[in-house]
Amino acid sequence: MKISTILDHIDNGHMALPEFQRGYVWNRDQVRGLFDSLYRRHPVGGLLVWATESMTATHRGDAPLAPGIVKLLLDGQQRMTSLYGVARGRPPKFFDGNANAFTGLRFHLDTETFAFYQPVKMKDDPLWIDVTDLMRKGQAGHEQIVETLAEHPTIGARAVRYSGRISRILGILDIELHIEEVTGADKSLDVVVDIFNRVNSGGTKLSKGDLALAKICADWPEGRDAMKAKLKEWDQAGYHFNLDWLLRSLNTVLTGEAKFQYLHEKSADEVRDALERASRHIDTSLNLISGRLGLDHDQVFFGRFGIPVMARYLDQRQRNKLGPLDEKERDKLLFWFVQAAMWGRFSGSTESFIDKDLAALEGDGASLYRLLEQLRLWHGGLRAEPGHFTGWSLGARFYPVLYMLTRMGEARDWGTGLPLKADLLGRMNRLEVHHIFPKAQLYKRNYRKSEVNALANFCFLTKDTNLVISDTLPEVYFPKVEAAHPGALASQWIPNDPDLWKIDRFRDFLEARKELLAEELNRRMESLLHGDLRWLAGTATPATTMAQVVGGISSAEEEAELEALNDWMASVGLPRGVMAYDFADPVSGEQKAVLDLAWPGGIQEELSQPVAVLLNEESATIALASQARFRCFTDVEVFRRYVTEEILAENNDWTRILHGGEFLERLRPGFTHLANACVPAPDAIGIEHEDGDDYRQAEALWESARLVLLTAAQLECADRWTQAGYQVIAESEAWWLAVEAALSEQAM
């Protein structure tokens with residue numbers, strides 16, 4: 001079928017995109033490459049479509065389908081969207097992505113190359129022609145271009161030669177693409193998605209969650225937005241959850257299963273109601289965990305896949321009209337949550353273990369008993385022993401446990417003597433990790449990184465106290481703390497033997513403090529059981545492998561650097577990575593490594609390989625991550641360059657600007673946003689124009705749009721820029737949105 005006919009079919013509703021397809025993800029380089037291949041008549045592959053009845057077809061967008069049989073694109077969405085966008089000058093109705101990726105395509109008649117519009121490079125060269133304008137006007141546009149070129153003093157008769165190249169561009173619409181159809185009554189949605197995943201083995205695969213969400217949105221189009229709104233609420237509260245996690249929580253509440261196999265049988269009303277119930281139970285769980293355990297933000301929130309199980313438990317109680325949890329039931333549920341997180345129950349085969357726990361909740365009464373018993377039988381003894389605190393780094397599983405003990409107990413700040421409870425101090429960002437024995441002092445004496453950053457050398461203090469102590473040795477500042485605030489040292493589980501406060505006894509100090517921490521943890525776990533200690537009976541599971549865990553965030557400074565990188569990713573519209581990613585054995589859940597910052601599914605889910613940022617790590621950590629097929633980066637700037645050039649895929653001008661450091665650093669987030677939005681890069685940075693009395697400055701200038709960006713210091717030049725015919729945009733909190741709007745309007 002000719003490309004032009006396919007585009008017509010999209011216009012009249014005979015061809016569309018199935019609901020389960022993800023959005024448009026191509027960048028300008030891919031669009032340019034497609035048109036270069038078509039111009040040279042290189043093969044670009046055929047299309048795979050699902051021929052089905054329009055009455056039952058669930059498709060993306062709100063455009064009506066034609067009656068009868070319609071063809072839903074399974075393979076070829078990116079190519080056909082790009083072709084449609086360039087040929088029509090607008091995205092198709094089913095479009096979900098960045099239209100700037102195919103806006104402004106030009107072709108140079110002499111070099112026969114495609115490129116996106118760059119004012120300085122192209123404005124005075126008549127051989128750069130607008131591909132969209134040509135395709136919209138067809139033969140009339142062809143004749144108009146040739147006539148204009150023939151009249152040009154430096155081109156003249158050469159216009160005849162260029163006429164053939166213009167015809168070749170128009171001929172792209174006449175190229176035949178082979179279309180293969182999937183049809184037949186046996187081709188259910190599940191079967192079609194399986195076919196889609198097979199043919200897209202090198203591209204965007206669909207997870208079971210994608211399919212489930214597609215089925216939900218087919219009956220409830222606002223469903224995705226409703227879920228995203230709830231995720232945003234939690235994000236603002238400091239908990240970074242994703243759509244798949246919420247969908248799984250919804251599914252457990254509605255079906256009692258972790259797997260999505262029954263969700264498609266539920267009506268839109270049932271799903272809508274389940275989302276409301278799941279959200280309410282998640283809120284309850286977060287409040288319990290934050291208020292009782294003190295785990296009040298994302299960095300210390302381990303065991304997040306225990307929440308779907310808790311939501312199901314709370315929902316069953318509500319449906320059975322058992323009333324709110326009493327104190328004992330509440331604490332036993334929290335005991336289960338902490339224990340499941342500590343031993344990594346959901347770090348391995350997540351879906352399988354969730355299903356086992358959900359099964360334990362079924363039946364009349366005693367469901368919490370069965371849940372706890374199942375956990376005990378799975379792990380063995382649930383008591384902690386000193387060896388479990390052998391881990392090191394901010395990513396160790398027992399790091400959140402240390403934070404929890406600080407918040408739950410009577411731990412006091414060493415500068416003010418005040419308790420560090422959540423209800424008194426608020427969020428964790430008002431506390432800092434403190435190295436009891438200062439890092440600098442330990443490194444001077446050649447202690448290993450894993451000893452310097454051992455959990456037993458960590459405590460939590462207010463920022464002011466941390467700054468005052470600085471790199472003072474414990475043998476100096478401990479006596480002062482004890483004198484000013486008696487008992488404050490013991491409240492943070494510091495051994496009371498002054499000999500252990502000396503730096504040459506550092507290793508002995510660690511061993512003594514690990515014993516105190518294990519005792520405190522067991523005491524706190526007992527308090528959650530209210531005397532019903534059967535779950536802690538028996539021998540503790542030996543901590544034989546804790547010291548073998550490699551990698552991890554080794555300091556608050558490193559954590560801050562990684563968090564800043566995560567914020568940058570969010571600022572350019574990309575997903576945040578998982579801080580201190582728990583890399584575990586998929587069967588046993590045993591922790592093998594802590595990866596500083598990781599995207600285990602790829603930055604573009606299922607489209608790019610898993611990625612990890614590993615700062616100051618030893619070769620063993622990098623080797624383990626590499627063997628697990630992670631692409632590893634050991635430098636933040638190198639990672640940013642990878643994201644900028646390979647993920648965001650800006651054109652060369654943006655790459656030069658963003659990595660050239662020519663602009664004020666505070667403007668980087670705004671320029672990065674513009675680059676990600678695929679708007680044209682500025683023609684000049686840091687302009688200083690002087691012509692007699694006409695002196696003008698600007699931070700950035702877009703010549704074709706007659707647009708300038710001025711900082712506060714440059715606003716005195718605003719009137720002179722305006723008189724010269726330029727639109728002035730002043731630097732503000734979100735100046736880049738004003739620039740994007742102005743440039744987008746110019747491109748239309």
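Just so you know, these numbers come straight off a predicted model, no measurement behind them.
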query: Hey, mind stepping through Lys228 and Glu233 against salt bridge (Lys or Arg N to Asp or Glu O under 4.0 Å) and telling me if it holds?
result: CA-CA 9 Å; Lys228 286 184 176 180; Glu233 285 183 30; over 6 Å; no
- request: Give the C-alpha distance, both sets of side-chain angles, the deciding distance and a yes or no for salt bridge (Lys or Arg N to Asp or Glu O under 4.0 Å) between Asp283 and Lys230.
  value: CA-CA 10 Å; Asp283 286 340; Lys230 195 61 191 176; 3.1 Å; yes
Could you tell me which non-hydrogen atom of [X] sits nearest to which non-hydrogen atom of [Y], and how far apart they are?
X      : Y      : answer
Ile307 : Ile282 : CG2-CG1, 3.9 Å
Ala278 : Leu250 : CB-CA, 3.9 Å
Gly303 : Phe337 : O-CE1, 3.2 Å
Met579 : Glu559 : CE-O, 3.7 Å
Cys632 : Ala625 : SG-CB, 3.6 Å
Leu615 : Lys449 : O-NZ, 4.3 Å

Pairing donors with acceptors under 3.5 angstrom, does anything connect the side chains of [X] and [Y]?
X      : Y      : value
Trp736 : Glu740 : no
Asn251 : Glu257 : no
Asn453 : His435 : yes
Asp235 : His240 : yes

Distance, nearest 0.5 Å, that separates [atom1] of [X] from [atom2] of [Y]:
X      : Y      : atom1 : atom2 : value
Ser249 : Leu275 : OG    : CG    : 10.0 Å
Ser619 : Leu614 : OG    : CG    : 12.0 Å
Thr252 : Lys259 : OG1   : NZ    : 13.0 Å
His388 : Met342 : NE2   : CE    : 8.5 Å
Leu286 : Met310 : CG    : CE    : 8.5 Å
Arg304 : Leu295 : CZ    : CG    : 11.5 Å

task: Decide yes or no on side-chain contact (heavy atoms from CB on, under 4.5 Å) for Lys439 and Glu557, but give the supporting numbers first.
output: CA-CA 12 Å; Lys439 293 181 294 180; Glu557 293 79 13; 2.9 Å; yes
message: Applying side-chain contact (heavy atoms from CB on, under 4.5 Å) to Thr390 and Phe398, what does each step give before you reach the verdict?
response: CA-CA 9 Å; Thr390 300; Phe398 274 66; over 6 Å; no
Considering only heavy atoms from C-beta outward, does the side chain of [X] approach that of [Y] to under 4.5 Å?
X      : Y      : result
Trp245 : Trp234 : yes
Glu699 : Ile685 : yes
Pro91  : Tyr24  : no
Thr406 : Tyr403 : no
Asn566 : Leu562 : no
Phe116 : Leu105 : yes
Leu247 : Phe260 : yes
Thr103 : Tyr117 : no

query: Does Glu563 offer a backbone N or O that forms a donor-acceptor pair with the side chain of Arg576 under 3.5 Å?
result: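 Flag not set: sc Arg576 to bb Glu563 has no pair under 3.5 Å.
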- request: Report the residue from Trp26, Tyr84, Phe95 that forms a ring-ring contact (aromatic ring centres under 6.0 Å, His included) with Phe102.
  value: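 It is Phe95; the other options fail the test.
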ring-ring contact (aromatic ring centres under 6.0 Å, His included) partner of Trp599, chosen from Phe639, Tyr642, Phe633: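 Passing option: Phe639.
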field: The single option from Leu624, Leu595, Asp596 passing side chain to side chain contact (heavy atoms under 4.5 Å, CB included) against Glu617
entry: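 Single side chain to side chain contact (heavy atoms under 4.5 Å, CB included) partner of Glu617 among Leu624, Leu595, Asp596: Asp596.
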- request: Could you list the residues that satisfy ring pair (Phe, Tyr, Trp, His ring centres under 6.0 Å) with Phe35, not counting sequence neighbours?
  value: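 Residues passing ring pair (Phe, Tyr, Trp, His ring centres under 6.0 Å) with Phe35: none at all.
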task: Not counting sequence neighbours, which residues clear ring pair (Phe, Tyr, Trp, His ring centres under 6.0 Å) with Tyr581? List them please.
output: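 Listed in chain order: nothing, the list is empty.
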Verdict with supporting geometry, Ile289 and Val338, side-chain contact (heavy atoms from CB on, under 4.5 Å): CA-CA 9 Å; Ile289 292 166; Val338 172; over 6 Å; no
task: Could you tell me whether Lys592 and Asp582 make a salt bridge, using a distance below 4.0 angstrom between a side-chain N and a carboxylate O?
output: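 No, this pair does not count.
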message: Working note: Leu231 + Leu246, criterion side-chain contact (heavy atoms from CB on, under 4.5 Å); need CA distance, chi angles, decisive distance, verdict.
response: CA-CA 8 Å; Leu231 290 172; Leu246 176 54; 4.1 Å; yes
- prompt: Distance under 6.0 Å and angle within 45° of the ring axis: does Arg32 meet both against Phe114?
  reply: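 Ring-cation test returns no.
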message: Would Arg345 pass as a cation-pi partner of Trp378, given that its NZ or CZ must be under 6.0 Å from the six-membered ring centre and within 45 degrees of the axis?
response: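 Flagged: Arg345 positioned over aromatic ring of Trp378.
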- request: Just do the ring pair (Phe, Tyr, Trp, His ring centres under 6.0 Å) check on His434 and Phe458 with the steps written out, would you?
  value: CA-CA 6 Å; His434 171 68; Phe458 286 164; 9.7 Å; no
